Amino acid sequence: MKTTAKKLYAYANHILISLVSTVFGYNLYQAIVHPDHSNIGLSIILMVLTSIMVRKYGYHSTRKEQKDI
């Protein structure tokens, strides 16, 4: 049961990282091209929250533990 929860966290973290990367890339583009329309501060806050979540729950699936079971 514990490995299933970790696998779900790994899957959710991959989606979260992809989403945050897209938002940050778009806002970085806006900051360079149209500085008056950018929300780079909000993107940085979102990146910090994502980093905390990934460090807390991990981002790799537990393949080694699944082989042992």
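Bear in mind that the values here come from a model prediction, so they are computed numbers and not experimental data.
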Starting at CG of L46, measure out to OG of S51 and round the result to the nearest 0.5 Å.
11.5 Å
Partners passing side chain to side chain donor-acceptor pair (under 3.5 Å) against T50 (at least two apart in sequence or in another chain):
none
For L28, all residues meeting side-chain contact (heavy atoms from CB on, under 4.5 Å), sequence neighbours excluded
F24, I32, I40
Do L49 and L19 share a hydrophobic cluster (ILVMFWY, side-chain heavy atoms under 4.5 Å, transitive)?
no
OG1 of T22 to CD1 of I17: how many Å apart, nearest 0.5 Å?
11.5 Å
CE (M47) and CD1 (I52) are apart, to the nearest 0.5 Å, by 12.0 Å
hydrophobic_cluster_shared for V23 and I44, side chain cutoff 4.5 Å:
yes
Other than Y26, what residues sit in its cluster of Ile, Leu, Val, Met, Phe, Trp and Tyr side chains whose heavy atoms are under 4.5 Å apart, directly or through others?
none
